[in-house]
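Convention: sequence-line order gives letters A, B, ...; per-chain numbering from 1. These values consider heavy atoms only, across backbone and side chains, with no hydrogens, waters or symmetry-generated copies.
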Amino acid sequence: MELFGIWVAALLTLGIFSFLYKDNPVYKICESIFIGVSAGYWAIANFFDALHKKFWVGVFPTDGSDPNYMLWFGALLGVLMLLRLSSKIGWIARWPLAFIVGATAGLYMMLYFVSNAMNQVASTMRDVIVTSPETHLIMWGETIGSILIVIGVVSGLVYFFFSKEHKGVFGYTARVGIWFLMITFGAHFGYTVMSRMSLLIGRIDFLFRDWLHLLN
Amino acid sequence: MKFISIYFVLLVSLSVSAQTNDNDSTSLLVNDSLTIKIAPPTSVIVEDYKYDDADNLQLHWVPSIDDMPQDGKVVRYRIYQSTNNGSFVLVDSVNFSVNMKKIEGLAIDSTYQFMVSAVSKNYEAKSNKTITIQTEREWINFNLASLFLIALLITSAVIYFIETARRGKELFVRKIAGLEAVDEAIGRATEMGRPILFIPGIHDMDDVQTLAAITILGKVARQVADYDTKIRMPVARSLVMTAARETIKTAYQTAGRPDAYNDDMVNYITDEQFGYVAAVDGIMVREKPATIFLLGAFFAESLILAETGNSVGAIQIAGTARPAQLPFFIAACDFTLIGEELFAASAYLSGEPKMLGSLKGQDVGKAIAMGVIIVGVISITLGEAYGIEFFSNITSSIQSFFTVNK
Amino acid sequence: MRREIPLIITTIAGLVFAISYFIPHWPFVEAESIFGDWIAIVQAFAIWLGALNLIKVSLEKIYRKKEDAFYSGIIIVCLLVTLGIGFYDGFSGGAQSSFRDTGTTFDWLYRFIYTPLTSTMFAMLAFFVASASYRAFRARNFEATLLLIAGFFVMGGRVPLFDLALKPFTDVPYFSEFAGWIMAYPLTAGMTAIMIGIALGIMSSSLRIILGIERSHIGGA
Amino acid sequence: MVSTIATVLMWIVGLSMIYVLYRTINGHPIERRVVFLYIGLAIALPLLMQKTAPVPVTADVQKLVDALDELTPGSKVLAAFDFDPSSAPELQPMGVAFMKYAFKHDFKVIVMGLWPQGPQQANQAIEDAMLDPLIAEKNLVYGVDYVNLGYQAGAEFVIQSMGSDFKRMFPLDDRHIAYDSLEILNDITNFSNIDFIFNLSAGKPGTVEWIQIAVDRFGAKCGAGNTAVQAPQVYPYLRSGQLTGLLGGMSGGAEFEKATNEKGQASTFIFAQMISHAMVIAFIIMGNIAFFMTRKKKKA
């Protein structure tokens with residue numbers, strides 16, 4: 001079964017790669033298999049891990065604990081969600097959607113503000129002159145870096161400040177801000193390349209190692 | 001006979017351990033020559049855990065004097081709890097060198113007493129018992145008062161500006177470079193007699209980036225209608241198709257040429273990411289558009305589209321809020337709306353009060369952040385460099401105001 | 001009513017989560033836990049909605065005999081087979097077992113069909129990145145030049161590439177350290193500015209949703 | 001044998017790049033599919049060469065290792081696997097190396113996932129870690145030394161709910177065993193009983209959500225391994241101390257393997273990774289040389 005599996009996996013891998021030459025039926029078949037299996041996987045995982053584990057066991061407990069009747073409301077909202085499949089009463093699916101959107105907005109509002117704004121502002125306020133704890137000499141790499149952080153954060157915020165025209169000092173600061181953003185995106189780019197290459201390495205390694213046994 | 005003797009030994013050992021448990025501050029003796037003896041933790045203090053629902057207590061202690069990370073004599077601390085004067089039971093344990101623990105899941109109407117022991121590999125040294133204590137309930141978490149104030153300030157600013165915009169007052173938004181290039185890009189397509197390609201990302205209408213793209217489409221379509229340029233818009237979602245058709249139709253009507261509009265300007269391709277990309281790639285290569293707009297939520301397809309657009313020599317104006325895709329747009333397109341610029345552009349173009357007001361409210365938040373960072377950094381650097389405590393204090397008080405402590 | 005009820009639901013759900021941040025107390029904490037349970041269940045239903053919708057759309061394509069009817073058929077068959085195997089493994093395993101366990105048919109499906117397909121889909125991006133690098137990434141202005149230079153040092157520094165070139169002269173991994181420095185300082189600075197902006201953006205859009213100013217999610221303007 | 005042939009071929013590919021440069025400068029750039037072929041070879045041949053390259057351990061990785069070193073045997077570690085197979089080449093080696101480290105140091109490991117595929121990847125990682133003879137001889141027992149809680153729907157709301165009670169979101173574990181009857185979970189109510197959270201993340205929900213909720217709201221300590229695409233986005237948390245250590249992409253994985261003395265998959269991949277970066281850098285440089293040459297011509 002294992003050997004058969006490896007052959008199946010290898011053929012599917014090559015089938016997807018055939019897109020690189022051009023869009024073709026083999027690729028489309030593999031893509032369709034992917035869509036079907038992927039949707040099925042998500043559905044099964046959510047059935048057993050969420051619906052069964054959380055809802056079913058909660059309302060019909062087997063260990064003698066009290067059933068949690070509140071969960072029925074959750075299930076009701078879930079069923080309303082499914083009504084979206086119907087074009088006539090599909091509008092009622094907006095209720096569970098409204099619930100999710102509202103709860104997410106409420107949760108995100110403070111979470112993002114605290115973690116991504118307040119704490120970042122607080123951690124940017126540091127002594128920019130960094131000295132070594134042992135020798136008390138200035139560590140230039142860190143000191144220049146710390147100064148850059150302050151300049152970068154402030155000028156970056158200036159760039160994203162829309163209430164004032166970018167002229168004069170403000171304009172120059174915004175220009176510095178865009179430089180920092182460019183370095184940021186450049187680093188992102190480098191990391192993205194790293195990520196994509198890793199994924200391809202993983203696939204080719206599979207073909208060579210498990211399928212063709214060229215590597216040991 | 002053997003059974004009885006085992007039973008007897010068991011009984012004795014049980015009674016011994018029960019004794020030692022009751023006996024404060026003594027240590028459980030283990031008859032072992034390799035015993036690593038350690039001193040117990042001292043000054044164990046229990047107090048109410050602030051700003052909770054009366055279900056937690058806070059426990060502090062001074063670590064055992066043998067608790068030194070280098071020799072690793074003390075392995076863990078064990079926490080024993082007695083509820084309503086009952087016997088002490090082990091409820092939790094923490095790593096060495098830890099000197100506090102939040103005790104959770106307590107009830108409001110019970111009394112509690114605690115004991116902490118230091119544990120080595122084969123020895124346990126228990127502390128004195130703490131005082132007996134009850135939990136208290138507080139209504140509002142005053143630890144978060146500063147957070148509440150700042151949040152209130154920014155949210156009020158957002159609401160204030162939305163209301164101001166609604167009353168018809170004009171709010172200023174700065175020029176956005178990518179938007180200024182739109183006219184020129186459309187003009188170029190008109191001159192060359194080639195079509196304009198507009199791609200609104202691959203997300204549905206529930207994504208704000210798609211909404212922003214459709215708003216900008218409104219402006220583009222208006223100009224396209226005026227100049228009588230051709231526009232092509234392949235989309236990946238059927239709802240986006242409906243919205244886009246509506247937008248372009250309106251633009252043609254406003255331009256006074258409703259007859260020039262037809263539904264074929266916008267067509268739905270497929271929901272599948274790569275299927276969509278392959279189709280759009282084909283359109284680019286065949287029709288060689290003079291101008292390409294890539295605005296909205298893009299994922300891995302961003303670079304494929306930008307590359308093909310580049311290879312057919314089109315002017316490309318891009319914009320997305322996804323940091324991972326921005327590098328590809330910046331490197332391969334002529335103009336890029338970076339992150340919030342996309343939303344600002346759409347707020348500016350639509351003039352919708354809720355969008356403009358939010359933009360202004362967020363600017364208030366950014367102004368606060370900038371001001372606070374500048375003041376804080378300068379004062380702490382001066383304070384530390386010249387040893388002026390006053391300056392250092394300014395920063396530490398701002399910092400404590402902004403740090404959300406738990 | 002079609003508009004009001006969703007608005008009220010949105011506001012209540014939002015307020016519970018926003019307020020419980022400041023008042024960790026009855027009734028907010030209790031409501032928060034109950035709502036959390038519901039969300040887990042509703043989101044699981046949402047996934048099922050997606051699967052059922054996929055069947056619906058595919059069936060429509062087959063019914064209308066569109067050109068991709070064949071592929072729609074494959075999608076439906078694969079989806080149903082996956083569901084069948086999953087249910088069988090999940091229910092037949094008995095106590096103390098899971099559909100995820102090694103050795104089940106579902107695990108086989110995961111390892112030898114799902115894994116190669118999804119990972120190859122994303123592995124293709126390596127090719128596209130390379131071709132975009134060659135054909136489209138130009139230092140067309142100062143900003144793009146900065147971007148490419150930063151990318152250059154990060155790409156060469158985060159793997160031992162540049163440091164190996166330096167090996168004949170020194171053993172100190174200068175390029176690795178420099179890439180680390182870019183990440184720790186200029187990148188962190190730019191990212192922090194972006195993050196603060198995003199946080200404020202989310203805060204104001206959440207506020208609009210909770211207050212009912214933003215209604216696009218319930219089909220209003 | 002294979003590696004010798006691969007090395008020779010690699011040299012040929014490298015030298016042929018001169019011809020590519022020549023064509024590019026003359027305004028005849030190579031076709032997209034040829035670029036595809038080059039990048040495919042730049043990964044396939046180095047893999048066949050079976051070489052490794054020395055990686056220095058960077059500060060971000062060292063931070064994580066230091067934090068793990070501080071934990072004592074018996075510490076409770078929550079390992080959240082939030083990724084799917086498409087990111088497995090980057091994150092799975094980290095998962096395996098982490099499991100090996102945790103089991104060798106006798107941590108109690110609790111596994112869960114906010115992505116449905118996560119717990120399945122975790123099972124594979126545990127299986128791989130168990131192959132290590134030092135770990136195999138410990139005879140680790142499910143439910144006592146480690147447990148897999150499975151997946152729960154609700155993304156960030158799952159973490160939020162776990163802040164007050166783990167059992168609420170995971171009344172049963174992955175094998176449908178009741179929470180209370182698992183020995184390892186006996187004294188675990190919420191994050192305050194967890195000594196360290198290790199998160200492997202490929203997107204959302206992932207590291208950002210763990211930091212925002214588990215760390216900032218409930219005071220847990222969290223280290224992470226991220227795909228390289230996501231890693232740059234969490235750097236600000238690293239500086240502010242909200243995140244304790246970060247493994248970024250394949251090179252982060254290789255550094256972690258080096259720092260913990262586990263030779264794993266990431267270390268064997270790093271050479272191919274390096275050559276592929278060199279290829280991309282070469283392509284960018286060639287493209288830009290051509291770009292500037294044509295611009296000069298136009299000006300002249």
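- Of the atoms belonging to B:A151, heavy atoms from both backbone and side chain fall under 4.5 Å from chain C.
- Looking only at heavy-atom pairs under 4.5 Å with chain B, the residue among C:L207, C:I196, C:L148, C:I198 that has the most is C:L207.
- With a threshold of 4.5 angstrom between heavy atoms, C:S205 does not approach chain B through any atom at all.
- The environment of B:Y268 atom OH is dense: over 12 non-hydrogen atoms of other residues, nucleotides or ligands sit within 6.0 angstrom.
- Side-chain atoms of B:T403 come within 3.5 Å of backbone N or O of B:Q399 as a donor-acceptor pair.
- Residue contact with chain B, scored on non-hydrogen atoms closer than 4.5 Å, involves the backbone and the side chain of C:V129 alike.
- In this structure, chain C has heavy atoms under 4.5 Å from both the backbone and the side chain of B:L303.
- Contacts of B:E340 with chain C are made by side-chain atoms alone, with heavy-atom separations under 4.5 Å and no backbone atom involved.
- Rounded to the nearest 0.5 Å, atoms CG (C:L164) and CZ (C:F175) are 11.5 Å apart.
- Between C:F22 and B:F148, the angle of the ring planes goes over 60°, which puts this pair in the perpendicular group of the 30/60° scheme.
- Residue B:I162 touches chain C through its side chain alone, counting heavy-atom pairs closer than 4.5 Å.
- Side chains of B:T320 and B:Q325: a donor-acceptor N/O pair is absent below 3.5 angstrom, by distance only.
- C:W181 and C:Y185 have tilted rings, their planes meeting at an angle from 30° to 60° on a 0 to 90° scale.
- For B:F274, the part sitting under 4.5 Å from any heavy atom of chain C is the side chain, from C-beta outward, and nothing else.
- Contacts between C:R140 and chain B at a heavy-atom distance below 4.5 Å involve the side chain alone, from C-beta outward.
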